[in-house]
Amino acid sequence: MARNWRRLVIKVGSSSLTDATGRIHPPQLWALSRGIQVLQQALDCKVVLVSSGAGAAGRERLGLNLPLTLPEKQAVAAVGQTLLMLDWARAFAPMPVAQLLLTASDIQNRERYVNAKNALEASLKQGAMPIINENDSVATSEIQFGDNDTLSAWAAYLLDADALIILTDVDGLHEADPRIKVEAKRIDIVQDIAEVGYLAGDAGSSRGTGGMVTKLRAAKIATDAGIETLIIGGGGAGLEALARGELRGTRFVAQKQAPARKAWLAQQPTKGYIGVDAGAVRALKAGRSLLPSGVSEISGHFDFGDAVAIAHKEQVIAQGLSNYSSSILEKIKGLQTREIARVIGYKDYDEVIHRDNLVLLLKS
Ligand code: GLU
């Protein structure tokens with residue numbers, strides 16, 4: 001299973017990093033850093049870490065107790081993030097670490113998406129360990145992922161990762177909450193999340209079976225995008241076991257493997273963007289090509305064959321290679337296919353972007 005993984009996103013939660021008072025617990029963090037490096041070497045792959053812990057560490061450092069006001073939360077995140085990164089930097093030394101603080105708009109907004117992806121790629125290329133957290137100091141509710149499980153799934157998506165590993169204090173998904181029912185059996189493999197979703201309990205509650213609600217949601221986002229997902233326990237030792245081929249948790253099978261060309265398409269730097277209407281969004285989601293009639297707006301300068309982002313209401317939904325330059329597209333946007341030749345004097349293609357040259361980036 002793990003042998004072909006080239007790129008991994010590993011998510012570490014606050015409970016794996018902090019002691020009961022909320023202070024970062026260095027031995028746990030060092031064990032994790034060791035586990036990550038052992039796994040990285042065993043698989044010869046790139047790793048991006050998503051780390052929580054800023055909130056807990058900041059509250060402990062400032063002596064603040066829950067509930068916090070919004071400004072207090074912002075200060076807590078700002079203070080805690082530096083403590084968290086100091087410890088990670090020490091634990092990974094001499095490897096440099098790269099801090100990336102993201103909000104949901106970094107995934108949804110076309111320019112920020114390209115920027116975030118480029119920053120991650122550049123950090124990896126320089127041999128640094130990217131460590132992502134939500135930018136809690138500035139993320140208001142409208143632009144929040146809200147939890148790092150969801151953030152880690154989108155990070156895996158952004159990075160075109162082969163696998164997402166979510167580390168938690170329970171070693172996988174169980175038939176009942178193992179902290180209440182000790183004899184509850186672990187589910188080793190899940191082919192279809194729809195069949196186990198009920199185990200997580202009410203999606204509105206913060207803690208379902210083993211605190212699994214947000215983890216299952218993240219597994220769904222990732223596996224739908226063709227990314228294998230593991231929920232494992234045991235901290236650093238759990239990762240070292242995985243490096244030896246032992247799975248101490250639950251494996252969620254990827255729904256479909258994104259073909260290599262689609263993965264390649266998703267990685268092409270874009271030269272501009274095409275705004276499309278709701279009808280075009282539906283067509284693209286149904287696997288069809290982008291036609292001029294669905295195009296409402298063009299920005300940037302691009303030529304035939306250049307990669308462009310496709311967006312609807314500021315949200316990037318797909319990316320592909322354009323059959324028309326930006327200046328020609330400006331003339332044929334909104335038109336029916338049969339009108340192309342009349343307006344520009346020729347028609348090489350019916351489609352602005354053919355479905356074979358197009359990759360969907362956001363599913364919902
Ligand atoms: N971003 C938060 C922190 O670093 C954690 C959110 C979560 O654990 O899901 O404290």
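We count ligands from 1, going down the list as the structure has it; atoms in each ligand are counted the same way.
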Exercise. Is the shortest side-chain N to carboxylate O distance from R7 to E121 below 4.0 Å?
Worked result: yes
Exercise. Can you list the atoms of ligand 1 that are under 4.0 Å from a heavy atom of D147?
Worked result: 9 (O)
For this session: May I ask you to identify the nearest protein heavy atom to atom 4 (O) of ligand 1, giving residue, atom name and distance to one decimal place in Å?
Result: N133 ND2, 2.8 Å
Exercise. Which protein non-hydrogen atom lies closest to atom 7 (C) of ligand 1, naming both residue and atom, and how far is it?
Worked result: N148 N, 3.5 Å
Seminar exercise, completed: In ligand 1, the atoms that come under 4.0 Å of a heavy atom of G55 are 3 (C), 4 (O), 10 (O)
For this session: Would you mind checking if K11 and D149 are paired as a salt bridge, meaning a charged N to carboxylate O distance below 4.0 Å?
Result: yes
Problem set entry | Nearest non-hydrogen protein atom, atom 8 (O) of ligand 1 | S52 OG, 3.2 Å
Problem set entry | Atom indices of ligand 1, in the order listed, that fall short of 4.0 Å to a heavy atom of D136 | 1 (N), 2 (C), 3 (C)
Exercise. What orientation do Y324 and Y349 show, parallel under 30°, tilted 30 to 60°, or perpendicular over 60°?
Worked result: perpendicular
For this session: Keeping the roles fixed (side chain from H174, backbone from G172), state whether a donor-acceptor pair exists under 3.5 Å.
Result: yes
Exercise. Is Q37 reaching over with its side chain to a backbone N or O of S33, donor-acceptor style, under 3.5 angstrom?
Worked result: yes
Exercise. Pick from I193, T223, V253, T250: which one makes a side-chain contact (heavy atoms from CB on, under 4.5 Å) with T229?
Worked result: T223
Problem set entry | Nitrogen or oxygen of G53 less than 3.5 angstrom from that of ligand 1 | yes
Problem set entry | Heavy-atom gap G13 to ligand 1 smaller than 4.0 Å | no
